[in-house]
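All remarks here apply to the structure that follows.
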Amino acid sequence: MVYVHNLSRVIIIIVFCNLQLIVTISPSIICNRIRGLSPKQKKICAESPDAFIALSNGHQLGALECQHQFKDNRWNCSEAWLKDIFGHFMVLGSKEAAFTYAIANAGVVYAIAAACSRGNISICGCDQYYRHQIAYQDKNFQPWKWGGCSVDIDFGIRFARKFLDAREIEADARSAMNLHNNQVGRKIVRKLLKKDCLCHGISGSCSLRTCWKTLPQFREIGDTLMMKYKKAKQVAAQNKDTGYNLVIRRSKIDKKPIMPKTLDLIYLEPSPTYCEKDIYLGSSGTHGRKCNRTSKGTDSCSMLCCGRGYITKLFHRTWQCNCKFIWEIMNVKCDICSERTEQYFCK
Ligand SMILES: *[C@@H]1O[C@H](CO)[C@@H](O)[C@H](O)[C@H]1NC(C)=O
Ligand SMILES: *[C@@H]1O[C@H](CO)[C@@H](O)[C@H](O)[C@H]1NC(C)=O
Ligand SMILES: *[C@@H]1O[C@H](CO)[C@@H](O)[C@H](O)[C@H]1NC(C)=O
């Protein structure tokens, strides 16, 4: 098992020491040390260590976004990323697992594509497809053409697929679920690409613009995946000779099976309540979690604490305030202000 801190230590060593030196001497030694990598992943790591660094950053980006999106929920994404970061990290085939795999893939595509367009990875750069010189017209008949550095999203997607799909070797229903959700995460990044433009022409007349494809804020990707998480579809495996086919579960068995859409997140098993700690279920429990007494949402004390109730802690804070310079005494005089706040924690 690899722990994130272990891995980031390896990466930090690579980044802070002379990159070329360590990497040219023995990328394969470093890659072999990272436990949890399959043989195929080790090979990819050794072949392009600079891309591997971006890949780790991307995984981290996904982890932070996952934690942001779920900060108010019982399952808050904090455990999922501690274990085995490039291997399997969630046992239960739940909706939460679906989100986790998708955001990890999105993070990797994002970081790789961003590093490529910054010129930080030797084997990729800008997307040459957008370099042809034809001029287009937008809907206001203003001319523009592709130019500058368009992000090479296809390289990012290919690299992430090669690396992250490589761990799905079991050829079972769960693998099929992971492969699907991995793909959702990668395709979302492509779907949310933006077009940035720059004006040319005498004194900003904008008679011609050049435009390029650029990445959105990663938050936008997180928000989109969160919407997909809320609408995730439960699927069941249809065992075919050709492998596993996942179809949407429906109440009537005799209805024709429906395949999930390409951009639907899918899951196999219903989620537990996440109220109690259960390592197998990927649940840390909510004992001791801070809750919000006035909220009506998932972070409310009733929801977060699962009906167990909460304890109130009083905090008293004092500080100097209303400070004024008094001429008569040639000095500053302040009042003492104080504030009592209450915080609530699940029993
Ligand atoms: C990318 O390259 C720049 C310099 O070209 C460097 O400062 C930066 O740290 C690099 N970033 C990564 C993630 O390697
Ligand atoms: C997430 O939940 C765990 C376990 O309940 C808790 O220790 C941690 O502080 C929570 N993280 C956030 C950001 O609330
Ligand atoms: C608690 O929830 C209310 C209502 O949603 C919100 O206005 C308030 O800022 C929240 N308090 C904290 C400490 O998050």
Side-chain angles (χ1 to χ4, degrees), residues 1-8 56-85 87-104 106-107 110 185 217-230 232 265 267 269-319 321 337-347:
M1 241 197 252
V2 176
Y3 290 87
V4 176
H5 356 288
N6 283 357
L7 183 78
S8 49
S56 318
N57 292 340
H59 214 262
Q60 202 64 22
L61 185 66
L64 290 176
E65 184 59 25
C66 182
Q67 281 162 15
H68 169 82
Q69 294 289 340
F70 282 90
K71 65 183 187 317
D72 292 337
N73 292 41
R74 286 185 195 158
W75 181 83
N76 72 2
C77 202
S78 60
E79 295 277 290
W81 303 78
L82 291 178
K83 286 182 264 169
D84 210 359
I85 72 158
H88 287 294
F89 44 88
M90 287 187 75
V91 184
L92 192 74
S94 62
K95 266 165 112 155
E96 289 72 34
F99 183 90
T100 310
Y101 279 71
I103 197 98
Y110 191 94
Q217 294 290 316
F218 197 67
R219 178 60 31 88
E220 201 177 313
I221 294 167
D223 291 343
T224 308
L225 283 176
M226 192 62 181
M227 275 173 348
K228 302 218 163 271
Y229 161 83
K230 289 179 179 152
L265 287 178
Y267 63 100
E269 289 154 298
S271 303
T273 61
Y274 295 113
C275 286
E276 299 300 328
K277 190 174 176 73
D278 185 326
I279 293 173
Y280 173 78
L281 296 175
S283 168
S284 332
T286 63
H287 295 273
R289 279 281 294 277
K290 195 170 157 185
C291 61
N292 184 332
R293 213 175 56 144
T294 51
S295 162
K296 301 242 181 314
T298 49
D299 61 338
S300 68
C301 291
S302 57
M303 283 287 279
L304 204 61
C305 309
C306 307
R308 293 186 305 258
Y310 56 88
I311 53 170
T312 305
K313 286 189 189 163
L314 279 174
F315 293 89
H316 197 86
R317 188 167 77 95
T318 57
W319 68 99
C321 58
C337 287
S338 70
E339 180 190 55
R340 289 165 66 108
T341 54
E342 294 183 348
Q343 287 185 6
Y344 314 98
F345 298 88
C346 292
K347 275 187 185 158

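Indexing begins at 1, ligand by ligand and atom by atom, following the structure's order. Heavy atoms only: backbone and side chains are in, while hydrogens, waters and symmetry mates are out.
Checked against the 2.5 Å cut-off, the SG-SG distance between Cys301 and Cys291 falls under it. Sulfur-to-sulfur, Cys321 and Cys337 sit under 2.5 Å apart at their SG atoms.
A salt bridge links Glu276 to Arg308: one of the charged nitrogens lies within less than 4.0 Å of a carboxylate oxygen.
Polar contact with ligand 3: absent for Lys296 (N/O pair, distance under 3.5 Å).
The nearest protein atom to atom 13 (C) of ligand 2, hydrogens excluded, is given as Asn76 ND2, 4.3 Å; this is a heavy-atom distance.
In Gln217, the CD atom is not crowded: 12 or fewer heavy atoms of neighbouring residues, nucleotides or ligands sit closer than 6.0 Å.
When distances from atom 5 (O) of ligand 2 to the protein are checked, a heavy atom turns up under 4.0 Å. There is a protein heavy atom closer than 4.0 angstrom to atom 2 (O) of ligand 3.
Close approach to Ser78 involves these atoms of ligand 2, each under 4.0 Å from a residue heavy atom: 1 (C), 2 (O), 3 (C). Near Ser295, meaning under 4.0 Å from one of its heavy atoms, ligand 3 places the atoms 2 (O). Those atoms of ligand 2 with a heavy atom of Ser284 less than 4.0 angstrom away are 4 (C).
Among Asn292, Asp299, Thr294, the residue whose heavy atom sits closest to atom 14 (O) of ligand 3 is Asn292.
Between Ile103 and Glu65 the shortest heavy-atom distance is CD1-CG, 3.8 Å.
Side chains of Glu269 and Tyr267: no donor on one and acceptor on the other come within 3.5 Å.
In this structure, Phe70 has its ring center at least 6.0 angstrom away from the ring center of Tyr274.
Put simply, no part of Gln67 is less than 4.0 Å from ligand 2, judged by heavy atoms.
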